[in-house]
S.K.: 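First the structure, then my questions, so here it is.
Quick note: numbers below take in every heavy atom, side chains included, and nothing from hydrogens, waters or symmetry partners. The chain is numbered in sequence order, starting from 1. Start at 1 and go down the list; that is how both ligands and their atoms are numbered.
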Amino acid sequence: MSKRIDVKDLNVYYGNFRAVEGVNISIEPKSVTAFIGPSGCGKSTFLRTLNRMHEVIPGARVEGEVLLDGDDLYAPGVDPVAVRSHIGMVFQRPNPFPTMSIRDNVLAGVKLNGRRMSKSDADALVEQSLRGANLWNEVKDRLNKPGSGLSGGQQQRLCIARAIAVKPDVILMDEPCSALDPISTLAIEDLIEELKENYTVVIVTHNMQQAARVSDKTAFFNIAGTGKPGKLIEYADTTTIFNNPTEKSTEDYVSGRFG
Ligand SMILES: Nc1ncnc2c1ncn2[C@@H]1O[C@H](COP(=O)(O)OP(=O)(O)OP(=O)(O)O)[C@@H](O)[C@H]1O
Ligand SMILES: [Mg+2]
């Protein structure tokens, strides 16, 4: 079930270093939101605060609120592991478990959450998740072969299948296509388009065409200089960000006149 995210006055730290400052943003359900901005402006850092992955780094912490349909993920007593089962993540490099079969890769997240199920339920979930990731037809005859035997683009779709198998509300993707060829990239973009019917999708991308193609809303982050915190500069409909932004720095960035 797709849910909305409201971020209020978020500051993100690595030890004493404030990497991201003062973010306020509302991310709509059943939509794709793109995060863009120059390297080091805190896109990945901010993304990881949305499912409490940031705090696994020693010394890392946040101030502020992240609400999932109104519930603060950082409220006392909230279990970060449960948060991550509602808000899944797909990384830059496809990272299937190499020695695990395709089938077990799809089920890995579900098993991590301690859910037990019958073989027939597991089979059904594997098929549903692989179909959802547009990978079923390519792998249905080799479900017991290792995940590492797939192409890079197939591995990334396997990771998406693993993420959706736990039936999350939100899927976060950090440059999911940066290690892929153009054909696999288009396959993932098509898939993102389908995923938004059921999920809230957030994608970090350096590819302006990709942001323009797949996202409904775009958030532009920027950084004033080395050692300064990244900030959310402008957030609007993707067409506005690309065609008629308010801020000059947004315009410079999306038109490639940057740095
Ligand atoms: N584990 C870490 N420990 C300390 N500082 C970090 C850590 N990870 C990132 N940073 C710092 O936080 C800032 C934001 O980094 P982040 O990786 O979020 O940027 P980004 O916008 O995702 O960049 P890119 O586009 O290159 O992926 C940078 O100054 C970076 O050096
Ligand atoms: Mg990054």
S.K.: Which ligand 1 atoms does Ala19 reach within 4.0 Å, using its non-hydrogen atoms?
M.R.: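 Near Ala19, the atoms of ligand 1 are 12 (O).
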S.K.: Looking only at non-hydrogen atoms, find the nearest pair between Ile87 and Leu50 and report the distance.
M.R.: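 Looking at all heavy atoms of both residues, the closest pair is CD1-O, 3.2 Å.
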S.K.: Distance-only, no hydrogens or angles: does the Asn24 side chain make a donor-acceptor pair with backbone N or O of Asp9 under 3.5 Å?
M.R.: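 At least one qualifying donor-acceptor pair exists.
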S.K.: Within the supplied structure, the quantity of interest is the number of heavy atoms (other residues, nucleotides, ligands) at a distance under 6.0 Å from Lys167 NZ; does it exceed 12?
M.R.: yes
S.K.: Using a 3.5 Å distance criterion without hydrogens, assess whether the side chain of Thr200 forms a donor-acceptor pair with backbone atoms of Arg4.
M.R.: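 Not at all, since once roles are kept as given, no pair shorter than 3.5 Å links the two residues.
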S.K.: Would you please classify the geometry between the His54 ring and the Tyr14 ring as parallel, tilted or perpendicular, with 30° and 60° separating the classes?
M.R.: perpendicular
S.K.: Please write down residue, atom name and distance for the protein heavy atom closest to atom 17 (O) of ligand 1.
M.R.: Ser44 CB, 4.0 Å
S.K.: How far is atom 11 (C) of ligand 1 from its nearest protein heavy atom, and which residue and atom name does that atom have?
M.R.: Tyr14 CE1, 3.8 Å
S.K.: With a 3.5 Å cut-off and no angle check, do the side chains of Thr240 and Asp237 form a donor-acceptor pair?
M.R.: no
S.K.: What protein heavy atom lies closest to atom 30 (C) of ligand 1? Include the residue and the distance to one decimal.
M.R.: Phe17 CE2, 4.8 Å
S.K.: Roughly how far apart are Ile233 CD1 and Thr246 OG1, rounded to 0.5 Å?
M.R.: 12.0 Å
S.K.: Polar contacts were defined as any N/O atom of the residue lying under 3.5 Å from an N/O atom of the ligand; does this apply to Arg48 and ligand 1?
M.R.: no
S.K.: Could you find the nearest protein heavy atom to atom 18 (O) of ligand 1 and give me its residue, atom name and distance?
M.R.: Thr45 OG1, 2.5 Å
S.K.: Tell me whether Ser39 has at least one N, O or S atom under 2.8 Å from the Mg ion (ligand 2).
M.R.: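 Given the 2.8 Å cut-off, Ser39 does not count as a ligand of the Mg ion (ligand 2).
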S.K.: How close does the nearest protein non-hydrogen atom get to atom 19 (O) of ligand 1, and which residue and atom is it?
M.R.: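 I find the closest protein heavy atom is Gly42 N, 3.3 Å.
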S.K.: List the closest protein heavy-atom neighbour of atom 23 (O) of ligand 1: residue, atom name, distance to the nearest 0.1 Å.
M.R.: Gly40 N, 2.8 Å
S.K.: Is there any N or O on Ile57 that sits under 3.5 Å from an N or O of ligand 1?
M.R.: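 No, there is no polar N/O contact under 3.5 Å.
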S.K.: Give the residue, atom name and distance (to 0.1 Å) of the protein heavy atom nearest atom 26 (O) of ligand 1.
M.R.: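 Going by distance alone, atom 26 (O) of ligand 1 is nearest to Ser39 OG, 2.5 Å.
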S.K.: Report yes or no: does Asp72 contribute a side-chain atom to a donor-acceptor pair with the main-chain N or O of Leu67 at less than 3.5 Å?
M.R.: no
S.K.: Hey, is ligand 1 close enough to Gly37 that some N/O pair sits below 3.5 Å?
M.R.: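 By distance alone, the answer is no.
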S.K.: So, for Gln154 and Glu138, which heavy atoms are closest and what is the spacing to 0.1 Å?
M.R.: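 Scanning both residues completely, I find the closest heavy atoms to be NE2-OE1, 3.0 Å.
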S.K.: Relative to the heavy atoms of His206, which atoms of ligand 1 are at a distance of less than 4.0 Å?
M.R.: 24 (P), 25 (O)
S.K.: Considering only the protein, which heavy-atom contact is closest to atom 27 (O) of ligand 1, and what is its distance?
M.R.: Glu175 OE2, 3.6 Å
